[in-house]
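Residue numbering restarts at 1 for every chain, and letters A, B, ... go by the order of the sequence lines.
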Amino acid sequence: MIDIQLLRNDGDGVAKRLATRGIDLDWPLFRELEDQRKKVQTSTEYFQSQRNALSKQIGQAKAKKDEKQVAELMAQVAEFGDKLKQMEAENAAIQAKLHEFVDAIPNLPHESVPVGDSPEQNVEQRRWGKPGKFDFAAKDHVDVGAGLGMLDFETAAKLAGARFAVMKGPVARLHRALAQFMLDVHTREHGYTEVYVPYMVSGECANGVTSLAKFRGDLFKIEERDLYLIPTAETPVTNFVRGEIVPLERLPLKYVCHSPCFRSEAGAAGKDTRGMIRNHQFDKVELVQIVHPAKSWQGHEELTAHAEAILQRLELPYRVVTLCTGDTGFASAKTYDLEVWLPGQNAYREISSCSNFEAFQARRMQARFRNEKGKAEPVHTLNGSGLAVGRTLIAILENFQNADGSVTIPAALRPYMGGMEKIARS
RNA sequence: GGAGAGAUGGCAGAGUGGUCGAUUGCGGCAGACUCGAAAUCUGUUGUACCCGUGAGGGUACCGGGGGUUCGAAUCCCUCUCUCUCCGCCA
């Protein structure tokens, strides 16, 4: 949720910044709703205060057993009882309307974010590593996996339909090894606390990190329990602090969580249908930070570096891209995407998305900390993939493939693979 | 799955229709005493929102939602969660 005070005081400024995201803020409508709200709320509260005062007097009169005065006061209250009920209903309606309006407004982009309306306007920050040269025709992960007999999309389709994967043998183990490796690096070297969480959350939690009204269609819902399968561990982990006032000295909170993620991919029909680039279910190791507002931009750079460290240790070439205003997610003020090199696609593809949400999610969740003056103030929240496990597996299969169809295991992972150096068809 | 008990401020714990946003204790903050500290004493100590330049005034909140009433922490309905016992189960 954006800061409603800012919306009231500087509607033009907010509208201008939202315009860079392609959002046309209906500022006149907001003003009209606000004017109405002011009128209705003020008079509702006036009537409430009158009723409270008279009720108090009735209590006093009853205590004195002054039945005559009680009757008089009751008559007085009755006069505006109906009016009060009507005002309260009107007030609730206008507040709900206003909330719905504000709830649908995305976060304001940070001033350092490049303006643009499509991914072509994203700005590359840096590159690490050099895409390897192959003296044979590089295959994509589907063919590499099929050649090994360890990646099976036919069986997955038989079990659950399109956009699922079955892994077998050393490839399944490699997938597990990757998650273990990432968790170890982040907990031992980057100061994160490992957490295990529910893979289903309430609608309130989902709405705490993004707009449920807008993105409900992207989630899988458990109808009979009124819960949603998590699209990312960000959802449960960030909501740890929902409704909390965190003591100053406990900040920053840094959590790392390995979880499966479930996405309906409703808007992605026909996109990345081959292989496991875009599946309904995938594993991810997620980094989440809850920080002091003065530290969030520093935290954003650090968190991004933590995710990059994984790619570097796995010797996977990648680049860092700043998403332009039009490509930045609903709740984010600024996002860096890490894109890994995929020889099979001859392209860099997203493998991590690191965002600073500033106070946007905190306001939605009512997550606060007690500041230096003792006042409760919204925290800032950050998160990033560190990394998407499925896509990391893809990157290894493609970047480390050999002419004979085998796949070399990056040195950093060998301890997690029982010393195995190569995966080959058995 | 069955039976029962409960959810109150940072914590503990009163309060069963009327000046209750809530007794009290602990904790926190400020002050007094002290060279300083402890102990003691005194005061203070929730959140959100609204109106107002301000001083100040007002509203809401006792797990969530709804209801009864002039008035609800207190009564009714409903949901959620916690605890105890029995059964079942990985």
Rounded to whole Å, how long is the line connecting atom [atom1] of [X] with atom [atom2] of [N]?
X: A/Arg8; N: B/C51; atom1: CZ; atom2: P; result: 7 Å
X: A/Phe47; N: B/G57; atom1: CZ; atom2: C1'; result: 18 Å
X: A/Met87; N: B/A60; atom1: CE; atom2: P; result: 14 Å
X: A/Lys56; N: B/U69; atom1: NZ; atom2: P; result: 22 Å
X: A/Asn9; N: B/U53; atom1: CG; atom2: P; result: 13 Å
X: A/Tyr46; N: B/A60; atom1: OH; atom2: C1'; result: 19 Å
X: A/Glu34; N: B/C51; atom1: CD; atom2: P; result: 8 Å
X: A/Asn91; N: B/G58; atom1: CG; atom2: P; result: 19 Å

Q. If each of A/Arg37 and A/Ile245 is mapped to the nucleotide of RNA chain B with the nearest heavy atom, which maps nearer the 5' terminus, i.e. the 5' end?
A. A/Ile245
Q: Map A/Ala376 and A/Gln60 onto RNA chain B by nearest heavy atom, then report which one ends up closer to the 5' terminus.
A: A/Gln60
Q: Test A/Tyr336 against every option in A/Glu301, A/Gln125, A/Glu308 by the side chain to side chain donor-acceptor pair (under 3.5 Å) rule and name the one that passes.
A: A/Glu301
Which is true for [X] with a 4.0 Å heavy-atom rule: it touches a base, it touches only sugar-phosphate, or it touches nothing?
X: A/Gln41; answer: sugar-phosphate
X: A/Leu54; answer: nothing
X: A/Arg363; answer: nothing

OP1 or OP2 of [N] less than 4.0 angstrom from a side-chain nitrogen or oxygen of [X], does that happen here?
X: A/Lys38; N: B/C50; result: no
X: A/Arg370; N: B/U47; result: yes
X: A/Asn52; N: B/A60; result: yes
X: A/Arg368; N: B/A48; result: yes

Q: Give a yes or no on whether a salt bridge exists between A/Arg21 and A/Asp117, defined as a side-chain N under 4.0 angstrom from a carboxylate O.
A: no
Output the single nucleotide from [options] whose closest atom is nearest the side chain of [X].
X: A/Arg51; options: B/G18, B/G71, B/U59; answer: B/G71
X: A/Gln48; options: B/G18, B/C50, B/A60; answer: B/A60
X: A/Thr42; options: B/C51, B/A60, B/A48; answer: B/C51
X: A/Ile58; options: B/G21, B/C70, B/U59; answer: B/C70

(Q) Using atom P in both nucleotides, what's the gap between B/C62 and B/C75 to the nearest angstrom? (A) 14 Å
Q. When the P atoms of B/U59 and B/A7 are considered, how many whole Å apart are they?
A. 28 Å
Any chance the rings of [X] and [Y] have centres within less than 6.0 Å?
X: A/Phe101; Y: A/Phe30; value: yes
X: A/His380; Y: A/Trp297; value: no
X: A/His280; Y: A/Phe262; value: no
X: A/Phe240; Y: A/Tyr255; value: yes

Q: Please indicate whether A/Tyr416 has more than 12 foreign heavy atoms, meaning atoms of other residues, nucleotides or ligands, lying under 6.0 Å from its OH.
A: yes
Q: Decide if atom NZ of A/Lys295 counts as having more than 12 heavy atoms of other residues, nucleotides or ligands within a radius under 6.0 Å.
A: no
Q.
Could you check whether the side chain of A/Lys62 and the base of B/G18 have a donor-acceptor pair of N or O atoms closer than 3.5 Å, going by distance alone?
A. yes
Q. With Watson-Crick and G-U wobble geometry limited to distances under 3.5 Å, how should the secondary structure of RNA chain B be encoded in dot-bracket form, using | for bases paired to another strand and [ ] for crossing pairs?
A. ((((((((.[[[..)..(.....]]]((((((.......))))))((((((....)))))).[[[[[..)....]]]]])))))))....
**Q.** Validation row: A/Thr335, A/Thr322 side chains within 4.5 angstrom (heavy atoms)
**A.** no
